[in-house]
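Order of the sequence lines sets the chain letters (A, B, ...), proteins ahead of strands, with each chain counted from 1. The model shown is predicted, which means the values in this text are computed figures rather than measured ones. Values below: all heavy atoms of this structure, side chains included; hydrogens, waters and symmetry mates excluded.
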Amino acid sequence: MSKKEQTAISPTRFENYPEWYQQVVKASEMAEISPVRGCMIIKPWGYGLWESLQRQIDDMFKATGVKNAYFPLFIPISFLEKEAEHVEGFAKECAVVTHHKLEKGEDGRLVPAGKLSEPLIVRPTSETIIGDAFSRWIKSHRDLPMLINQWANVVRWEMRTRVFLRTSEFLWQEGHTVHASKQEAIDRTCMMLNVYKRVAEELLAIPVITGDKSEAEKFPGAETTMCIEAMMQDKKALQAGTSHFLGQNFAKASGIRFQSAEEKEELAWTTSWGVSTRLIGGLIMTHGDDNGVILPPRVATAHVVLLPILKKPEENEAVMTYTEELARQLRNILYHGTPLRVEVDARNIGGTRNWEWIKKGIPVRVEIGPKDIASNAVFMSRRDLDRKQSRSVTKETFLSDIIGILDDIQKNLFERALAFRESNTHDFDDMSSFDAFFTPVNKEQPEIHGGFARAHWCGGSDCETTIKNRLNVTIRCIPFDGKEEAGSCIECSKPSKKRVVFAKAY
RNA sequence: CGGGACGUGGCUCAGCCUGGUAGAGCACAGCGUUCGGGACGCUGGGGUCGCAGGUUCAAAUCCUGCCGUCCCGACCA
């Protein structure tokens with residue numbers, strides 16, 4: 001056999017990153033592509049992750065006073081037309097419903113019939129229809145702030161799709177708030193971005209940069225868009241969440257007015273913010289290795305899998321009893337407020353079983369055989385460590401340590417990802433080294449290259465466009481934590497006070 | 001939406017050039033031997049060869065159209 005260690009996923013990240021991603025999604029049984037163009041089927045192992053994420057995000061929203069509601073999937077075209085920039089941004093990727101029934105055609109096939117008087121679009125986002133409701137709900141400053149969120153599916157008819165990262169239909173939450181003052185709306189925009197930063201860093205163990213989007217990258221119809229940006233293992237940036245200060249644009253479009261304390265009619269200020277199932281793609285690309293996914297414990301579909309070693313019939317019952325007892329004890333332990341999620345996999349299918357769980361990325365695997373029972377022990381493996389570091393520990397030690405172990409995995413994943421980002425983030429002050437940074441050695445089959453480049457930018461969209469056209473590199477964000485320093489724009493040399501983050505992006 | 005590649009059991013693919021009624025490996029099911037182990041043997045199930053037309057006595061194979069997937073670009077959470 002070859003010297004090279006065999007990996008569960010082929011090709012490896014290094015060999016072909018996009019293909020590796022596809023294979024990981026498949027091998028981990030998180031999702032698959034559906035018969036419907038551009039849409040995905042999220043399988044239980046992937047959906048469980050979304051559920052645990054959703055539950056925790058929802059709690060965080062509610063802690064800030066947000067309430068959930070649900071608005072229609074269909075939006076009248078006339079609603080979309082109300083905000084000019086908004087139309088511009090979304091019109092070309094809308095699914096449109098034009099008929100309301102099917103009839104048998106001449107060839108026996110079903111054909112659309114019953115044309116709608118006004119076509120409906122399937123929501124690409126819900127600012128307009130929620131704005132319409134807000135205009136009726138809000139009369140007085142006493143109705144404000146209005147803090148609403150909905151968990152929903154949306155459709156954006158994408159040309160090129162990728163499971164979890166960009167599909168025609170995806171799941172997300174969209175928060176929509178209305179405020180009496182500009183400052184309060186801006187504060188809310190920041191507050192929710194901070195929630196997203198915590199979601200990414202504390203739950204998903206994905207370090208993110210927070211900042212403002214440039215004019216070219218902001219949400220259609222927004223005054224400003226703030227974002228969290230993460231670095232994937234191919235050194236490309238992933239926009240993982242956005243929070244928009246909408247100014248009075250949508251209030252104007254939908255007629256959201258209120259009577260102020262001074263008895264004057266005023267136009268309201270609104271925000272919107274969202275994260276989607278794209279986060280799952282980000283998780284895979286941040287933590288995955290050549291053996292599959294690695295799930296951060298805080299969001300993992302399951303935390304621990306127990307793998308009883310069933311060899312001889314006369315021993316099996318004792319092994320299963322010991323296993324079930326351990327499962328019961330584990331499920332009584334709380335991990336960050338929720339009971340540990342434990343799987344028992346008693347299939348007698350040899351090493352394949354172990355590898356399936358490695359590919360799925362479950363944080364902790366525990367093998368239990370007759371020898372372990374004899375010594376009152378378990379044989380434990382951590383997904384974030386090398387398989388050779390698996391070790392035998394007593395059952396009591398395991399039970400008392402498991403929370404610490406999971407927290408340690410969580411911490412390890414975050415620190416690993418942070419170190420990767422740091423080592424691939426550089427300052428640039430001249431164009432030739434900037435160009436070299438973003439130019440692959442092999443142009444035919446580009447190797448993994450680039451990263452985050454912090455460079456000065458004059459603020460002009462011409463410079464931004466020039467760079468984008470030449471290198472396919474965009475301004476990911478104007479970071480909040482960037483320090484003020486005198487410099488000159490990397491493209492045009494005009495004065496600049498701050499560095500922005502450039503990168504290739506998903 | 002432009003350029004490229006591809007579509008044959010669940011998966012990876014051979015067969016297509018030189019038409020003659022479908023193959024392998026893996027996976028799956030059963031039995032047995034192994035096994036703290038991605039094991040081995042035997043037996044078995046499963047495919048209208050992406051879809052629709054056309055050419056032909058005969059099409060996975062030739063022709064046309066459509067659909068889908070992946071990669072690269074434009075666009076995007």
Engineer: Is A:Arg166 touching bases, backbone alone, or none of the nucleic acid, heavy atoms closer than 4.0 Å?
Structural biologist: base
Engineer: Please give the distance between the P atoms of B:G47 and B:G65 as a whole number of Å.
Structural biologist: 32 Å
Engineer: For B:G19 and B:C62, measure between their P atoms and round to the nearest Å.
Structural biologist: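 The same atom, P, in both gives a distance of 9 Å.
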Engineer: Is there a Watson-Crick or G-U wobble partner for B:U61 with both distances under 3.5 Å, and if so, which one is it?
Structural biologist: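 Answer to the pairing question: none, since B:U61 forms no Watson-Crick or G-U pair.
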Engineer: Step by step, would you call A:Phe245 with A:Arg188 a side chain to side chain contact (heavy atoms under 4.5 Å, CB included)?
Structural biologist: CA-CA 8 Å; A:Phe245 168 58; A:Arg188 174 55 66 164; over 6 Å; no
Engineer: When we call it a touch if two heavy atoms are under 4.0 Å apart, what does A:Gly274 touch: a base, just sugar-phosphate, or nothing?
Structural biologist: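 A:Gly274: no heavy atom of the nucleic acid under 4.0 Å.
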Engineer: With a 3.5 angstrom cut-off on both distances, give the Watson-Crick or G-U wobble partner of B:G2, or none if there isn't one.
Structural biologist: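 Paired with B:C72.
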Engineer: How far, in whole Å, is B:A14 from B:A52 if one measures between their P atoms?
Structural biologist: 24 Å
Engineer: Using a heavy-atom cut-off of 4.0 Å across all strands, would you classify A:Pro370 as base, sugar-phosphate, or nothing?
Structural biologist: base
Engineer: Strictly by Watson-Crick or wobble contacts shorter than 3.5 Å, is anything paired with B:C11, and which nucleotide is it?
Structural biologist: B:G25
Engineer: Within a reach of under 6.0 Å around CD of A:Glu317, are more than 12 heavy atoms found that belong to other residues, nucleotides or ligands?
Structural biologist: no
Engineer: Let me know, please, whether A:Thr352 or A:Glu217 comes out on the 5' side of the other along RNA chain B by nearest nucleotide.
Structural biologist: A:Thr352
Engineer: Rounded to whole angstrom, note down the C1' distance from B:G45 over to B:C31.
Structural biologist: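 Their C1' atoms lie roughly 15 Å apart.
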Engineer: Mind checking who B:C42 pairs with, Watson-Crick or G-U wobble, both distances under 3.5 Å?
Structural biologist: B:G30
Engineer: My understanding is that a pair needs two contacts under 3.5 Å, Watson-Crick or G-U wobble. By that rule, which nucleotide pairs with B:U56?
Structural biologist: none
Engineer: Taking only the C1' atom of each, what is the distance from B:G4 to B:C76 in whole angstrom?
Structural biologist: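 Rounded to whole Å, the distance is 23 Å.
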Engineer: Categorize A:Thr167 for me: base, sugar-phosphate, or nothing, with a 4.0 angstrom heavy-atom threshold over every strand shown.
Structural biologist: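 Base contact.
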Engineer: Starting at the 5' end of RNA chain B and moving along, which residue's nearest nucleotide shows up first, A:Cys39 or A:Leu165?
Structural biologist: A:Cys39
Engineer: If I pick the C1' atom on B:U61 and the same atom on B:G7, what distance separates them, to the nearest angstrom?
Structural biologist: 15 Å
Engineer: For this output row, return yes or no: ring centroids of A:Phe219 and A:His86 closer than 6.0 angstrom.
Structural biologist: yes
Engineer: By the 4.0 Å heavy-atom rule, please label A:Asp372 as base, sugar-phosphate, or nothing.
Structural biologist: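 A:Asp372: base contact, heavy atoms under 4.0 Å.
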Engineer: First and last nucleotide of RNA chain B in contact with chain A, 5' to 3', at under 4.0 Å to a heavy atom: what are they?
Structural biologist: B:C1 to B:A77
Engineer: Across the strands shown, which category fits A:Lys26 at heavy-atom distances under 4.0 angstrom: base, sugar-phosphate, nothing?
Structural biologist: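 Answer is sugar-phosphate: A:Lys26 comes under 4.0 Å of backbone atoms only.
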Engineer: Please check if atom CZ in A:Arg162 has more than 12 non-hydrogen atoms from other residues, nucleotides or ligands closer than 6.0 Å.
Structural biologist: yes
Engineer: Determine the Euclidean distance between corresponding C1' atoms of B:C40 and B:C35; express it in Å to zero decimal places.
Structural biologist: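 After rounding to an integer number of Å, I get 11 Å for this pair.
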Engineer: Indicate, with a heavy-atom threshold strictly under 4.0 Å, whether A:Gly38 touches base, sugar-phosphate, or nothing.
Structural biologist: sugar-phosphate
Engineer: Strictly by Watson-Crick or wobble contacts shorter than 3.5 Å, is anything paired with B:C66, and which nucleotide is it?
Structural biologist: B:G50
Engineer: So A:Phe434 and A:Phe502, would you call those rings parallel, tilted or perpendicular, with 30° and 60° as cut-offs?
Structural biologist: perpendicular
Engineer: Base, sugar-phosphate alone, or nothing: which one does A:Lys468 contact when heavy atoms must sit under 4.0 Å apart?
Structural biologist: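 Result for A:Lys468 = sugar-phosphate.
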Engineer: Can we call the ring centroids of A:Phe164 and A:Trp50 under 6.0 Å apart?
Structural biologist: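 No, they do not, as the ring centres are separated by 6.0 Å or more.
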Engineer: Under the criterion side chain to side chain contact (heavy atoms under 4.5 Å, CB included), I'd like the reasoning laid out for A:Val293 against A:His287: C-alpha separation, chi angles, the key distance, then a yes or no.
Structural biologist: CA-CA 7 Å; A:Val293 179; A:His287 303 304; over 6 Å; no
Engineer: With C1' as the reference atom in both, quote the distance from B:A58 to B:G20 in angstrom, rounded to an integer.
Structural biologist: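 Result for the C1' pair: 6 Å, nearest Å.
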Engineer: Looking at every non-hydrogen atom in both residues, tell me the closest pair between A:His449 and A:Phe438 and how far apart they are.
Structural biologist: NE2-O, 3.4 Å
Engineer: Donor-acceptor pair, A:Thr301 side chain versus A:Trp45 backbone, under 3.5 Å?
Structural biologist: yes
Engineer: Determine the contact category for A:Tyr506: base if any of its heavy atoms lies under 4.0 Å from a base atom, sugar-phosphate if only primed atoms, P, OP1 or OP2 are that close, otherwise nothing.
Structural biologist: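 Base, at least one base heavy atom under 4.0 Å.
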